[in-house]
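Written below as structure tokens is the structure these notes are about.
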Amino acid sequence: LTDVAEVKDVQRQEAIHHLQGERVAGYNIKLAEGKDGATFEQKIRDYLDEDKMVSYGLGKDDVIYGGMMASFNESYDDLSLVFVLAMLLVFIILVYQFRSYFQPFVIMLTIPIALIGIFPALMLVTGSLDMIAGLGIVAVIGVVVNDAIVYLDYMNRFRRQNPQMTLGQVLMATGEA
């Protein structure tokens, strides 16, 4: 046999995969313990910039990221819709509770103010937005909204007890309590 051919071990594909009639290659990567998948994917995206893609003969849509990160991104898309619906529902409940549109609007304005502190702190600690960080963000927003509700409720009670005071005086007295 060695007179006719050269025998050597080679790696070969187990199967040829197709996606919409085109040949595709997939890669499964197991990250080391403690490594972040989102950071790894971002490094791959940075490496495969537009010039590099063109040099490989690939178009912008020729590389598809799948697996855990794709399902993670889909979950975040669904989560954003749920978040908007939850905000709307909370606003409606607050309108009913306070019998006003302005006070629930003030309460909802505390959410962006909370986010101003959350994201810089998140960058200092981990730098990635994972499920645990998402739960922490929801918890902090819940605390901030609850504090705003308690503050406005106390202000409304104090204002009813002291109708002679101006709004500024009521706010100052409420803040001191």
Side-chain angles (χ1 to χ4, degrees), residues 29-50 53 60-61 63-177:
I29 300 169
K30 182 178 178 185
L31 296 175
E33 188 70 30
K35 296 295 182 182
D36 183 29
T39 305
F40 182 73
E41 181 180 337
Q42 189 57 48
K43 286 182 181 181
I44 291 174
R45 287 179 188 267
D46 292 343
Y47 175 78
L48 289 176
D49 61 0
E50 192 172 331
M53 297 277 283
K60 178 182 172 186
D61 297 328
V63 176
I64 300 171
Y65 298 92
M68 185 182 281
M69 291 309 298
S71 63
F72 183 73
N73 291 336
E74 282 181 27
S75 296
Y76 266 118
D77 291 343
D78 294 341
L79 191 61
S80 64
L81 175 64
V82 169
F83 182 73
V84 169
L85 291 175
M87 296 281 292
L88 184 62
L89 184 62
V90 167
F91 184 78
I92 291 169
I93 291 170
L94 289 173
V95 166
Y96 178 75
Q97 179 182 353
F98 285 102
R99 294 178 179 84
S100 163
Y101 288 105
F102 179 71
Q103 290 181 348
F105 182 72
V106 170
I107 291 170
M108 299 306 265
L109 280 178
T110 62
I111 295 171
I113 294 170
L115 294 177
I116 290 172
I118 289 172
F119 286 112
L122 186 62
M123 291 302 150
L124 284 174
V125 177
T126 62
S128 68
L129 185 61
D130 55 6
M131 190 57 123
I132 300 299
L135 290 173
I137 290 170
V138 169
V140 168
I141 288 174
V143 168
V144 168
V145 167
N146 187 47
D147 287 349
I149 291 170
V150 169
Y151 184 84
L152 280 174
D153 185 52
Y154 185 75
M155 182 200 74
N156 289 335
R157 288 181 189 184
F158 192 81
R159 194 170 190 193
R160 280 193 300 271
Q161 292 171 355
N162 302 298
Q164 75 282 3
M165 295 178 78
T166 65
L167 180 61
Q169 292 172 330
V170 170
L171 289 173
M172 291 293 288
T174 302
E176 292 173 359

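Heads up: numbering here begins at 1 and tracks the sequence. Below, all heavy atoms of this structure are taken into account, side chains as well, without hydrogens, waters or symmetry copies.
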How long is the gap from CG on L85 to CG on L81, to the nearest 0.5 Å?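 Reported to 0.5 Å precision, the distance equals 4.5 Å.
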Calculate, to the nearest 0.5 Å, the distance between atoms CZ and OG1 belonging to R159 and T166 respectively.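 Those atoms lie 9.0 Å apart.
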Qualifying residue, where the test is side chain to side chain contact (heavy atoms under 4.5 Å, CB included) with V95 and the options are Y101, F105, F102: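 Of the listed options, the one satisfying the test is Y101.
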What residue among I92, L88, L94 forms side chain to side chain contact (heavy atoms under 4.5 Å, CB included) with V90?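 For V90, the side chain to side chain contact (heavy atoms under 4.5 Å, CB included) test succeeds with only one of I92, L88, L94, which is L94.
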Going by the rule salt bridge (Lys or Arg N to Asp or Glu O under 4.0 Å), which residues pair with D153 if we only count those two or more places apart in sequence or in a different chain?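 Per chain and number, D153 pairs via salt bridge (Lys or Arg N to Asp or Glu O under 4.0 Å) with R157.
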By side-chain contact (heavy atoms from CB on, under 4.5 Å) - contacts of [X] (at least two apart):
X	answer
N146	V150
L171	Y151, M155, L167
M87	F83, M108, I111
N156	F98, Q103, R160

Shortest non-hydrogen contact from A148 toward T110: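 The answer is CB-CG2, 3.7 Å.
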Test item: L152 and T174 side chains (from C-beta on) under 4.5 Å apart, heavy atoms: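 Not in contact.
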Listed once per pair and sorted, the salt bridge (charged side-chain N to carboxylate O under 4.0 Å, His left out) pairs that draw on residues 99-109, sequence neighbours left out: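 Non-adjacent pairs meeting salt bridge (charged side-chain N to carboxylate O under 4.0 Å, His left out): zero.
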Would the number of heavy atoms belonging to other residues, nucleotides or ligands and lying under 6.0 Å from CE of M172 be above 12?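 Open: at most 12 neighbouring heavy atoms sit under 6.0 Å from CE of M172.
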